[in-house]
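Below: one structure, written as structure tokens.
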Amino acid sequence: MSEKLTSKYWTDRYIHQDTGWDIASISSPLKAYFDQLTDKSLKILIPGCGFAYEGEYLWSKGFKNVFLLDFSAEPLKEFGKRVPDFPKDQIFIADFFTHEGNYDLIIEQTLFCALDPSLRPAYAEKSASLLKNGGKLVGLLFNREFESGPPFGGNKQEYMQYFSPHFSAISMENCYNSIPARQNSELFIKLIK
């Protein structure tokens, strides 16, 4: 599994357009969540951002404290073409587990399911460490299994084990507005540190 956790592995997938997870736009559940946010000063991290459609959407809506992080520079080249005025110092090409910062909101969209499942407890702990007290981890997790991965699936009961030690309020609900290809297979999560 370790070869799937390298920058080279993910860069090669982008170069060869082996990006089956890419829906070429912001997902409908995250768009709906962003549309109800009113505080444009929120400091937001999108780890494992890939082509960063979520970052592009937030930026276009006036959120200027958006920070993007990915293991591979490749998808962020495309993002730079789409959003040339996005600040370069708010883009990190790095490993999520070594990133340092203090955020109001972390957006989970495809990082968790791309990680080797053995890293899930560390992901939960790292997410909490990057959030201010009262900060939120919000996004989507698969509520199904896959034969192999990535992506790696799971279920609510499993996820609760990882997140409950680090978050005081946990909401994980079946997602009602998933894209058609992911209907009945996603949980919308909102976790508060």
Side-chain angles (χ1 to χ4, degrees), residues 1-2 4-5 10 20-21 23 26-37 39 42-50 53-55 58 66-71 94-193:
M1 252 354 131
S2 61
K4 294 182 179 176
L5 302 177
W10 292 106
W21 65 87
I23 61 172
I26 185 172
S27 69
S28 46
L30 287 174
K31 180 183 180 299
Y33 178 77
F34 296 157
D35 286 347
Q36 57 84 44
L37 294 176
D39 183 357
L42 290 171
K43 188 174 180 186
I44 303 170
L45 175 67
I46 307 174
C49 65
Y53 302 111
E54 294 78 12
L58 286 165
V66 177
F67 295 81
L68 307 176
L69 184 148
D70 203 274
F71 229 5
D95 183 340
F96 171 70
F97 294 103
T98 63
H99 182 68
E100 297 297 328
N102 199 13
Y103 298 94
D104 299 300
L105 179 61
I106 296 175
I107 302 302
E108 169 52 47
Q109 31 106 37
T110 55
L111 178 60
F112 185 85
C113 69
L115 295 171
D116 185 304
S118 68
L119 292 173
R120 289 177 170 182
Y123 170 96
E125 182 177 1
K126 182 64 178 180
S127 295
S129 77
L130 290 170
L131 286 168
K132 299 174 183 176
N133 284 334
K136 297 174 185 171
L137 172 62
V138 173
L140 298 163
L141 299 179
F142 278 114
N143 190 24
R144 62 168 287 199
E145 297 296 334
F146 295 94
E147 286 185 29
S148 63
F152 299 99
N155 60 64
K156 181 177 179 176
Q157 182 179 355
E158 173 194 349
Y159 301 150
M160 291 294 284
Q161 295 173 43
Y162 307 134
F163 292 108
S164 58
H166 308 286
F167 293 88
S168 60
I170 298 177
S171 171
M172 294 185 185
E173 302 299 327
N174 289 325
C175 196
Y176 69 88
N177 57 352
S178 297
I179 64 169
R182 298 179 187 167
Q183 283 289 325
N184 303 312
S185 66
E186 290 183 309
L187 295 171
F188 190 82
I189 65 164
K190 183 164 71 171
L191 316 177
I192 303 174
K193 179 177 174 180

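All values below come from the heavy atoms of this structure, side chains included, with hydrogens, waters and symmetry mates left out. Because the structure is a prediction, the values reported are computed rather than measured.
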Might you confirm whether atom CD of Glu147 has over 12 heavy atoms from other residues, nucleotides or ligands at distances under 6.0 Å?
no
Rounded distance [0.5 Å steps], CD1 in Ile107 versus CG in Leu58
6.5 Å
Is the number of heavy atoms from other residues, nucleotides or ligands within 6.0 Å of NZ (Lys193) greater than 12?
yes
Before you tell me yes or no, could you show the steps for Leu105 and Leu37 under side chain to side chain contact (heavy atoms under 4.5 Å, CB included), namely the whole-Å CA-CA distance, both residues' side-chain angles and the distance that decides it to 0.1 Å?
CA-CA 11 Å; Leu105 179 61; Leu37 294 176; 4.1 Å; yes
Looking only at non-hydrogen atoms, find the nearest pair between Arg144 and Ser185 and report the distance.
CD-CB, 3.6 Å
Over all heavy atoms of both residues, which pair between Ser28 and Ser178 is shortest? Give the atoms and the distance, please.
OG-C, 3.9 Å
Decide if the gap between the ring center of Tyr162 and the ring center of Tyr123 is smaller than 6.0 angstrom.
no
Measure across Ile106 and Leu130 and return the closest heavy-atom pair with its distance rounded to 0.1 Å.
CD1-CB, 3.8 Å
Pair Ile192, Phe167 - check side chain to side chain contact (heavy atoms under 4.5 Å, CB included), show working.
CA-CA 5 Å; Ile192 303 174; Phe167 293 88; 5.7 Å; no
Measure the CG-CD1 distance between Leu68 and Ile44 for me, rounded to the nearest 0.5 Å.
10.5 Å
Take atom OH in Tyr176; do more than 12 heavy atoms of anything else shown fall under 6.0 Å from it?
no
Against Phe112, only a single residue in Phe152, Phe96, Tyr159 fulfils ring pair (Phe, Tyr, Trp, His ring centres under 6.0 Å); can you say which?
Tyr159
Separation between CZ (Phe34) and CD1 (Ile26), nearest 0.5 Å, reads 5.0 Å
Give the minimum heavy-atom separation between Gln109 and Leu30, together with the two atoms involved.
CB-CD1, 3.8 Å
Any side-chain heavy-atom pair from Ile46 and Phe67 closer than 4.5 angstrom?
no
Check whether any side-chain N or O of Glu186 sits under 3.5 Å from a backbone N or O of Asn177 as a donor-acceptor pair, and report yes or no.
no
His99 side chain near Leu45 side chain, heavy-atom distance below 4.5 Å:
yes
With side chains defined as the heavy atoms from C-beta onward, is the minimum distance between Leu69 and Leu111 less than 4.5 Å?
no
Would you give the length of the straight line joining atom CG of Leu137 to atom CD of Glu108, rounded to the nearest 0.5 angstrom?
6.5 Å
Between Val138 and Phe188, is the side chain to side chain contact (heavy atoms under 4.5 Å, CB included) condition met? List the steps.
CA-CA 8 Å; Val138 173; Phe188 190 82; 3.5 Å; yes
Looking at residues at least two apart in the chain, or sitting in another chain, which of them share a ring-ring contact (aromatic ring centres under 6.0 Å, His included) with Phe97?
none
Can you measure from CD1 (Ile189) to CE (Met172) and round to the nearest 0.5 angstrom?
5.5 Å
Are any non-hydrogen side-chain atoms of Gln36 and Tyr33 less than 4.5 angstrom apart?
yes
Could you measure the distance from the CG atom of Asn174 to the CG atom of Leu187? Nearest 0.5 Å is fine.
6.0 Å
Ionic contact status for Glu100 with Lys126, cut-off 4.0 Å:
yes
What is the minimum heavy-atom distance between Leu140 and Ser27, and which atoms define it?
CD1-OG, 3.7 Å
